[in-house]
There are 2 protein chains.
Amino acid sequence: MSSKNNPTRDRILKSCQTLLETKGASDVRMSDIAKRAGISRQALYLHFPNRAELLIATTRYLDEIHGIGKVVDDQIFTAEGVARLEGFIDVWCNYIPKIYGVGKALMAIKDVDEEARVAWDDRMSAVRDLCDRTIQSLIEHDMLLPDLNAKEATDLLWTLVSVRNWEHLTQECGWSQVQYLKHMHRSALKLFTVESWDIERV
Amino acid sequence: MSSKNNPTRDRILKSCQTLLETKGASDVRMSDIAKRAGISRQALYLHFPNRAELLIATTRYLDEIHGIGKVVDDQIFTAEGVARLEGFIDVWCNYIPKIYGVGKALMAIKDVDEEARVAWDDRMSAVRDLCDRTIQSLIEHDMLLPDLNAKEATDLLWTLVSVRNWEHLTQECGWSQVQYLKHMHRSALKLFTVESWDIERV
DNA sequence: TCAATAACTTGACACCGTGTCAAGTTGACA
DNA sequence: TGTCAACTTGACACGGTGTCAAGTTATTGA
């Protein structure tokens, strides 16, 4: 399953993942992870040089498990225009809850750990790329509202579907995942796309 | 200026504020603040029991300086309907950059410090109240889009103008404050309000 | 069968930032 | 002159990260 075939390493990553999902990101200590993986705290450092690298490896591990890259490619290369926008929102917004635990931990230390910052920003810029391609597809099909340029539209879409907004709506506001998803679709359509009556009008 | 007339206390709060604005929130230590205020680190603890309380006091200090309460009341009680929505966005979104420094620090420790969490959530729920009253005013004037209920609209508006979204757009995306403000207005109108042609249509 | 090696263990320790404690200084005021 | 508040210096405990040294255990291959 994991790229390096190393059972202990995998057990560590799995432990890290589940702890981050269950406990709040901030009170998952190296010793907690070690205990859950059934090894000594020091043995962690035989596999990962520090906490940041362990968290980063955990996100990659999650990507592998869920095969996100494949799903994204399928979505991106099949649909066009509004359908691609809808597809992108479905795929990404349903992926957020799966990475939220480790994402929160990485976001928390990214202010203090340069390496973690780079790792997280790198992943988020991959999401921005998806936003960019989605907006491009809207433009190509004359479905982007004319008062938006590509850069602004991309930034706005990126912000709309940010992990922070998912966190805010589902954790603070108590929204369900389907409710969240419904409104991401609605908001994206309202903010970015030319509505049907507009087309008929022209 | 400050409620308690205590020059040293004020100097501490001012030092804390400027340090949080200039340096990144996370590497402002108690010793840094003390040094800048020209007192010993231990003297801080004569005025504030811990870091969290100091940060909380700093936000209150900022509120006093900027007289935010007064401005908000003026806005809220004069305008109605869409004008109130516009006014709310102007006032709040222009206030965010002033509190961002200390806000970021509070958000960072709110995962780990219960008291800080309560303080920050309390402030943010005050913002939610403003959102709520704004949406109510839209409803009263039949300007809220019919596919939204009050609770969802309030949550969405609250999310739209969250500090995190300001951070994302201005810090990550490099937007200017006026650009940010322009799009908050645009987005709010698109997401919440019945457009003029709709009214004519009915 | 023995030796080397990898993977792990135990235990100690340095570092950093927070918060606490005790004892001493300074200046104002009564 | 004495008292009190505000402050100082210096020491220390705590918790979490990361490091280091020395010892154990199981596998493997000459």
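Chain letters run A, B, ... following the sequence lines, proteins first and then strands; every chain starts at 1.
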*Output yes when a side-chain donor or acceptor of Ser137(B) lies under 3.5 Å from a complementary backbone atom of Arg133(B), and no otherwise.*
no

*asked:* How many whole angstroms separate atom CD of Glu53(B) from atom C1' of dG19(C)?
replied: 14 Å

*Return yes if some donor-acceptor pair links the side-chain N/O of Ser125(A) with the main-chain N/O of Asp122(A) below 3.5 Å, else return no.*
yes

*asked:* Distance check needed: dC16(C) C1' versus Met30(B) CE, whole Å only.
replied: 15 Å

*Given that Leu44(B) and Asn50(A) both sit by DNA chain D, which one's nearest nucleotide is further toward the 5' end?*
Leu44(B)

*Whole angstrom value for the distance that separates P of dC13(C) from CD of Gln42(A)*: 14 Å

*Take the protein atom CD1 of Ile33(B) and the nucleotide atom C1' of dG17(C), then report the distance between them rounded to whole Å.*
12 Å

_Between dC16(C) (P) and Asp27(B) (CG): distance, integer Å_ = 15 Å

*asked:* Quick check against the 3.5 Å criterion: does Trp158(A) have a side-chain atom that pairs as donor or acceptor with the backbone of Met124(A)?
replied: yes

*Whole-Å distance between dG19(C) P and Leu46(B) CG?*
14 Å

*For Asn165(B) and Thr159(B), indicate whether the former's side chain and the latter's backbone hold a donor-acceptor pair under 3.5 Å.*
yes

_Between Asp32(A) and Arg29(A) (side chain of the first, backbone of the second, donor and acceptor by atom type, cut-off under 3.5 Å), is there such a pair?_
yes

*Residue closer to the 5' end of DNA chain D, Arg11(B) versus Pro49(A) (nearest nucleotide)*: Arg11(B)

*Backbone N/O of Cys93(B) and side chain of Gln177(B): donor-acceptor pair under 3.5 Å*: yes

*Contact class for Arg51(B) (heavy atom, under 4.0 Å): base, sugar-phosphate, or nothing?*
sugar-phosphate

*Atom CZ of Arg41(A) and atom P of dA7(C): how far apart are they, to the nearest Å?*
20 Å

_Rounded to whole Å, how long is the line connecting atom CG of Asn6(A) with atom P of dA6(C)?_
14 Å

*asked:* Quick check against the 3.5 Å criterion: does Glu172(A) have a side-chain atom that pairs as donor or acceptor with the backbone of Asp155(B)?
replied: no

*On DNA chain D, reading 5' to 3', which nucleotide is the first and which the last to sit with an atom under 4.0 Å from a heavy atom of chain B, could you check?*
dC7(D) to dA11(D)

